[in-house]
Protein chains: 2
Amino acid sequence: MTTPIRTLVVDDDFRVAGLHRDVVAARPGFVALEPALSVADAQDAIRSHQPDLLLVDIHLPDSNGIELVRACNIDAFVISAANDAPTIRRALRAGALAVLFKPFDPRLLTERLDRYARFRNLVSGTGPLVQDELDRALAILNGSNDPVTLSRSATEKLILEALNTDEASASEIAELTGVSRATAQRHLVALAARSLVEVRLRYGATGRPEHRYAAASTAEGV
Amino acid sequence: MTTPIRTLVVDDDFRVAGLHRDVVAARPGFVALEPALSVADAQDAIRSHQPDLLLVDIHLPDSNGIELVRACNIDAFVISAANDAPTIRRALRAGALAVLFKPFDPRLLTERLDRYARFRNLVSGTGPLVQDELDRALAILNGSNDPVTLSRSATEKLILEALNTDEASASEIAELTGVSRATAQRHLVALAARSLVEVRLRYGATGRPEHRYAAASTAEGV
DNA sequence: CAACGTCGAGCACAATGCGCAAAACTAACC
DNA sequence: GGTTAGTTTTGCGCATTGTGCTCGACGTTG
């Protein structure tokens, strides 16, 4: 497979769109088109550039990303801040090959892109497929073969849940979760490094400034 | 799962439609509607009966089965005599949850129906899904051939009995049962993957958090 | 017979908690 | 203003515990 996969990000949040475009651009075998910030932009870009893959946010200013996916005969991932089951079912029925819940670790997108590339390699021809080949391709896209190295560890999940929508220090999270302060801090620092958590410093008391952590607001702003 | 999955077969070949309807009708948890022989028939049946799942042949006399799948917000399998890769890609982009190549062994349809039922069970709620849950549901639908049988080996039975109503670590279960710690853990992990066992992490001691296992509560029977 | 699945032993290493030193702040003092 | 002391928080190295994996043995099945 020598032809790069042209990928169009469709998201009205300029910063998120840029982040996802950068993830795509960094992937060997992929070419990232300039993101589209609306369905109308996306349709223009689709006409101009014939992308092979769309990364479409559900909530777009002028329409619904799911309808865009349904209407175009292009492979697509749906990206969603909404994670209610009915929305997800609608996305799958519209033809989404994957659904990713914001905010997600960029490595999850990377992994899904790689899976898609392998899937695409198997179904990209013009000749006949046999059932086994198709099943294998779909298993690559959706299978559970890979160990859950890219999903959040149990402790990470616990810490993110403890954060909820509040801001907290590492000590407070430690008390809420039962892990030690040092462990909570280690995880929070790592999550911040991956942009899943935002950090703010609190001054005014004696001693070092306290790091306050909050869940990343990229999803909440949608 | 108490509500049967109403399933509509859409195929212009009366005999094949009847065959597939019979496969569906024979499946516990499924109700087969009277097959539709054209897209127009199908649209009538969809309005009258609100099917949960369509089995749609691509080649229909008055239109294209893929367009029917695309246009309706209903879970669908596509059944196809055509097995060229471009057609398959179109079907997947239209939202087909599975693609089956005619002629196929009825056991393949049976297996795919069962997978769909389990997938549906996981995504049928109205509440939020997390990424892991969605991924697991899709893996069930399309994953490699994990025979997630409900039968239990002797060792599994032994371990479940040792769990009883208590919470225990793999080491503790190993001592109670006489199997090795690694084997106990293997089985407990597999049981957890099948939602028969619940896992909780215990923090506070030096060293990795300890996985504590408990028999799944009866809430899983919903 | 070969193939396959399960098990146990042993090992590497992942992930935790502890203890402590350093960093970084505020308040007090000169 | 600058300097120092006290305090709080961070960050790190180390020891410990638990997990996950490999590989060979063994029993079962075709």
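Here is the naming used below: chain letters follow the sequence lines, and residue numbers restart at 1 for every chain.
Closest to the side chain of B:Thr206, from the set D:dC12, C:dG8, C:dT16, is C:dT16. Comparing C:dG17, D:dG20, C:dA24 against the side chain of B:Gln185 picks out D:dG20 as the nearest. In this structure, of C:dC7, D:dG11, D:dG20, it is D:dG20 that holds the atom nearest to the side chain of B:Val189. Listed nucleotides: C:dG10, C:dT16, C:dC7. Nearest to the side chain of B:Thr183: C:dC7.
Using a 4.5 Å cut-off on side-chain heavy atoms (C-beta onward), B:Asp11 and B:Lys102 make contact.
To the nearest angstrom, P of D:dT19 lies 6 Å from NE2 of B:His211. The separation between A:Ile173 atom CD1 and D:dT9 atom P is 15 Å, rounded to whole Å. The separation between A:Tyr203 atom OH and D:dT10 atom C1' is 13 Å, rounded to whole Å. Spacing between atom CZ of A:Arg208 and atom P of D:dT9 amounts to 11 Å, rounded to whole angstrom units. One can place NE2 of B:His187 at 14 Å from P of C:dG5, the figure rounded to the nearest angstrom. Between the CD1 atom of A:Ile159 and the P atom of C:dA15 there is a distance of 12 Å, given to the nearest Å. Computed from coordinates, the A:Leu201 CG to D:dT8 P distance equals 18 Å when rounded to whole Å. If you take CG of B:Leu158 and P of C:dG8, they are 10 Å apart, rounded to a whole angstrom.
If you check distances only, the side chain of B:Arg181 does reach the base of D:dG20 with a donor-acceptor pair under 3.5 Å. The base of D:dG18 is not paired with the side chain of B:Arg202 by any donor and acceptor separated by under 3.5 Å. One can find a donor-acceptor pair under 3.5 Å joining the base of C:dG8 and the side-chain atoms of B:Arg186.
Under 4.0 Å is where a charged nitrogen must lie from a carboxylate oxygen, and between B:Arg115 and B:Glu111 at least one such pair does.
The aromatic ring centroids of B:Tyr213 and B:His187 lie 6.0 Å or more from each other.
Ring-plane geometry between B:Phe30 and B:Tyr116 is classed as tilted, the angle between the planes lying from 30 to 60 degrees on a 0 to 90 degree scale.
Along DNA chain C, the nucleotide closest to A:Ser180 and the one closest to A:Gly204 are compared, and the more 5′ of them pairs with A:Ser180. Comparing B:Glu210 and A:Tyr213 by the nucleotide of DNA chain D whose heavy atom lies nearest to each, the residue mapping closer to the 5' end is A:Tyr213.
Residue contacts shown for B:Ser171 are absent, as no nucleic acid heavy atom lies under 4.0 Å away. B:Ala205 comes within contact range of the sugar-phosphate backbone alone, with a heavy-atom separation under 4.0 Å but no base atom that close.
Rounded to the nearest 0.5 angstrom, B:Ile58 CD1 and B:Ile66 CD1 are separated by 4.0 Å.
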